Amino acid sequence: MKDWIRTKYCGELRKSDAGSTVILNGWVNRRRDLGQLIFVDLRDRSGLVQVVFDPETLGPEQFQQAEGLRSEYVIAVQGQVVARPEGQVNPNLATGEVEVLVSSLVVLAEAKTPPFPIDRAEEVDESLRLKYRYLHLRSRELQEALAMRHRITAAVRSFLDSQGFLEVETPMLIRSTPEGARDYVVPSRVHPGSFYALPQSPQLFKQLLMIGGFDRYYQIARCFRDEDLRADRQPEFTQIDVEMSFVDREAVMNMMEAMILHVFREVKGIDLPAPIPRLSYREAMDRFGTDKPDTRFGLEIHDLTASLKNSEFRVFAETAAAQGVIRGINVKGGASFTRRQIDRLSEQAQAWGAKGLIWLAVEEGQVRSPIAKFLKEEEVEAITKELAAEVGDLVLIVAGGYDLVCDVLGRLRLLLGRELGLMDENAYNLLWVVDWPLLVYDEEAGRYVAAHHPFTAPLDEDEHLLETDPGRVRAKAYDMVLNGVELGGGSIRITNRRLQERMFAALGFTMEEARRQFGYFLEAFEYGAPPHGGIAFGLDRLVMLLAKRQSIRDVIAFPKTVSASDLMIEAPAPISEAQLKELKINLRN
RNA sequence: GGAGCCGUGGUGUAGCUGGUUAACACGUCGGCCUGUCACGCCGAAGAUCGCGGGUUCGAGUCCCGUCGGUUCCGCCA
């Protein structure tokens, strides 16, 4: 066979192709050698098809070559597509109604026996899969996940292009800034002792692009953060980064809402309901105990402080007196939990910082609870009424400071929702969380720090509180949440010079310090900055959710381990003495 | 920085209260086989039990340390 270039993908062949002659290229997925007849499942990125080697159609010489085929050999075959005989259709294969009767074989590359079977790679130890990532990439799981990643970015690009956004690249070698995450750092050879930082996000550059008149910008941007990893956090990750000029909060949110709905339509074929529901930060905390609620299930938090503030149960009375809150959730049907199960929940709540977990099992005509004897009848009634608790339900109550109670009940809610199977795995619940606090008090630093970043604008109606009660100022910020995962967040930026100064003052920066850190940036605002705002989405997380994977490692072609190593290329690695010398770097012992 | 889980032929696992020959399946190699599709049948090779130390007459098994992977908390927008 002179010409071995493919005419068809393996996985495309259907009954309608029967009779045609094709050339296929691919890997030997599996070989079944019956002696005078050999079957091979041939694999390329589109899928599998069975090819048949028969000495009568192939000739003895080529058949002998076929006998030598092994797993992962790269071959080209020419042959006729034939419908499979009656009773030999394989319903587990998309191409199962046909097979290719090979008339000519070319071995394009032999292969060592792979360290793990490609079609069962998911069962293999992850460190081995990462070392041989290029083999794992051949698996259907990764092929599909990365194809979906491509379709998502393609949908994003086509949508933003249609709306007049320009994709602009920003530098990777930038200046380290003290706020935010730890920077990855790159030494400069030309400037010994000086270092670049890799960007945590293109934040400042996209704002400068607005000042530069680009009006609508986006970038599928790589970002770097030198912090400890998680299943949904890699040291380098990708953001869909967007910024718009001459807009208010509504305009940005509406545009981004349309973009995400477009992605769902294009990639998943799902028309999600518009508009995306909105929740204030405060309401999210009150009802779900978190700033990124999973709204696929109920189990909402209810406040009981007013009903229980005069309780004989000392914990309640003291909590209320100390400006704390008493809140609870109703676990439907939870009264049947064993004592052991309840104790486990209680231990978990305490591990999260709660002083204790109070429970009430609602039974016919009474409640069973360790604190039953302290509760007056009207108090029990108030609890069951507020939580709509019925016979068979279990009420869980936490008392303490507002933040702690929200946090503990929010986590309990998620734990129970997961364990009781309350989440619809096929649902996609999008949500905007708005009206974030502008500033949060950092105990460690002894000052307020920016909840989002120092260039986020306050709500107009809260601006006057910036000096008197900074903790109460809300921001023109918004986060998009999908099934309890933060997909992205952004804000309208400060473009007023005087307001920016007040913001820095609230953060405890003198104008001198601010100028030293962000001088070029502040100066830019003196040359006519349009009102602007934007957002950044975590692309890896979005793909992870749409592809239904447990980790963003499964949607990144070459991911790093939890200790930020690449097991395939063995990075990071020491550099040579000569390189160090050139950089004028001495290593400390 | 802290806590949990995992590490046994190439792969996935078993290995009891410590006991002398480390078991099974898949894969690999050789042989047979013309309708298999996780092909089948027969045979064979293949393991310093992650690494180091300790306890013990004796350690895959118990203890300590360490390395790697992973999950979570801290950290991270």
Side-chain angles (χ1 to χ4, degrees), chain A residues 29-42 48-57 63 67 70-72 82 84-93 95-96 99 101 112-132 135 179-183 200-201 203 223-235 237 239 241 291-292 348 351-353 407 411 415 433 436 440 442 444 449-453 456 475 477-481 485-491 535-538 541 550-551 553 559-565 567 570:
Chain A
N29 192 61
R30 205 175 271 279
R31 174 186 62 113
R32 292 175 292 281
D33 183 348
L34 275 61
Q36 286 303 295
L37 193 64
I38 299 169
F39 297 98
V40 161
D41 291 334
L42 190 62
L48 295 177
V49 71
Q50 172 164 283
V51 301
V52 188
F53 298 93
D54 185 328
E56 285 187 21
T57 35
F63 187 77
E67 284 177 323
R70 294 294 181 270
S71 286
E72 302 309 314
V82 294
R84 292 206 197 181
E86 194 75 20
Q88 284 179 9
V89 168
N90 184 347
N92 301 319
L93 222 52
T95 59
E99 59 192 8
L101 189 56
K112 295 209 293 190
T113 302
F116 54 84
I118 306 301
D119 52 5
R120 289 234 286 274
E122 301 298 301
E123 300 161 28
V124 174
D125 184 68
E126 188 153 6
S127 59
L128 193 71
R129 280 147 45 189
L130 287 170
K131 181 177 176 190
Y132 296 98
L135 295 180
E179 298 276 304
R182 196 177 294 117
D183 283 320
Q200 296 177 26
S201 78
Q203 182 62 36
C223 305
F224 304 86
R225 288 179 193 160
D226 186 6
E227 297 291 348
D228 289 340
L229 275 58
R230 288 287 188 281
D232 63 352
R233 273 173 15 202
Q234 283 271 305
F237 60 100
Q239 283 185 348
D241 194 48
D291 55 21
K292 41 178 192 291
Q348 189 55 256
W352 288 326
D407 186 51
R411 287 170 191 260
L415 179 77
V433 177
W436 287 70
V440 289
D442 183 339
E444 212 173 301
V449 297
H452 190 59
H453 59 63
T456 302
Y478 31 84
D479 266 25
M480 196 186 283
V481 177
V485 176
E486 181 202 331
L487 262 195
S491 63
I535 195 165
F537 289 94
R541 284 182 188 174
Q550 296 303 309
S551 165
R553 289 191 301 279
K560 293 182 174 54
T561 70
V562 79
S563 56
S565 315
L567 297 181
E570 294 182 310

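In what follows, chains are A, B, ... by sequence order, proteins preceding strands, each numbered from 1. No experiment lies behind these values; they were computed from the predicted model shown.
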Worksheet item: Can you name the ring pair (Phe, Tyr, Trp, His ring centres under 6.0 Å) partners of A:His452, sequence neighbours left out?
Response: none
Worksheet entry | Residue from A:Asp33, A:Leu34, A:Asp54, A:Val51 passing side chain to side chain contact (heavy atoms under 4.5 Å, CB included) with A:Phe39 | A:Leu34
Discussion item. Does A:Gln203 reach a base, just sugar-phosphate, or nothing at all? Heavy atoms under 4.0 Å.
Written reply: nothing
Worksheet item: First and last nucleotide of RNA chain B in contact with chain A, 5' to 3', at under 4.0 Å to a heavy atom: what are they?
Response: B:G1 to B:A77
Response to the item:
Taking a pair to mean Watson-Crick or G-U wobble geometry with both distances below 3.5 Å, B:A44 pairs with B:U28
Worksheet item: Which part of the nucleic acid, if any, lies within reach of A:Arg30 when heavy atoms closer than 4.0 Å are counted: base, sugar-phosphate only, or nothing?
Response: sugar-phosphate
Practice prompt. Using a heavy-atom cut-off of under 4.0 Å over every strand shown, decide if A:Ile38 touches base, sugar-phosphate, or nothing.
Written response: nothing
Worksheet item: Does B:U13 pair with anything, Watson-Crick or G-U wobble, both distances under 3.5 Å, and if so, with which nucleotide?
Response: B:A23
Discussion item. Judged by each residue's nearest nucleotide on RNA chain B, which is more toward the 5′ side, A:Val124 or A:Ser71?
Written reply: A:Val124
Item to complete: Select base, sugar-phosphate, or nothing to describe what A:Arg129 touches, counting heavy atoms under 4.0 Å on all strands.
Response: nothing
Item to complete: For A:Leu93, answer base if it contacts any base atom (sugar-phosphate contacts may also be present), sugar-phosphate if it contacts only those atoms, and nothing otherwise; contact means non-hydrogen atoms under 4.0 Å.
Response: nothing
Worksheet entry | Pairing partner of B:G7 (Watson-Crick or G-U wobble, both distances under 3.5 Å) | B:C67
Response to the item:
Sequence neighbours excluded, the answer for side-chain hydrogen bond (donor to acceptor under 3.5 Å, both in side chains) partners of A:Asp41 is A:Arg32
Practice prompt. Identify whether any heavy atom of A:Gln50 sits under 4.0 Å from a base atom; if not, whether one sits that close to sugar-phosphate; answer base, sugar-phosphate or nothing.
Written response: base
Worksheet item: Quick one: does A:Asp183's side chain get under 4.5 Å of A:Gln200's, heavy atoms only?
Response: yes
Item to complete: On RNA chain B, check which nucleotide each of A:Ser565 and A:Asp33 is closest to and give me the residue with the more 5' one.
Response: A:Asp33
Practice prompt. Report which part of the nucleic acid A:Ala451 touches: base, sugar-phosphate, or nothing (heavy-atom distance under 4.0 Å, all strands).
Written response: base
Discussion item. Under 4.0 Å, counting only non-hydrogen atoms across every strand here, what does A:Arg541 touch: a base, just sugar-phosphate, or nothing?
Written reply: nothing
Worksheet item: Is A:Gln88 touching bases, backbone alone, or none of the nucleic acid, heavy atoms closer than 4.0 Å?
Response: base
Discussion item. Just to verify, what does A:Arg541 make a side-chain hydrogen bond (donor to acceptor under 3.5 Å, both in side chains) with, not counting sequence neighbours?
Written reply: none
Practice prompt. Output all residues satisfying side-chain hydrogen bond (donor to acceptor under 3.5 Å, both in side chains) with A:Glu122, sequence neighbours left out; order by chain, then residue number.
Written response: A:His136
Fill in: Residues forming a side-chain hydrogen bond (donor to acceptor under 3.5 Å, both in side chains) with A:Arg411, sequence neighbours excluded
A:Asp407
Item to complete: May I ask which nucleotide in the shown strands pairs with B:U34, Watson-Crick or G-U wobble, both distances under 3.5 Å?
Response: none
Discussion item. Heavy atoms only, 4.0 Å cut-off, all strands: where does A:Gly538 land among base, sugar-phosphate and nothing?
Written reply: nothing
Worksheet item: Rounding to the closest angstrom, what is the interatomic distance between B:A77 and B:C49 at atom P?
Response: 45 Å
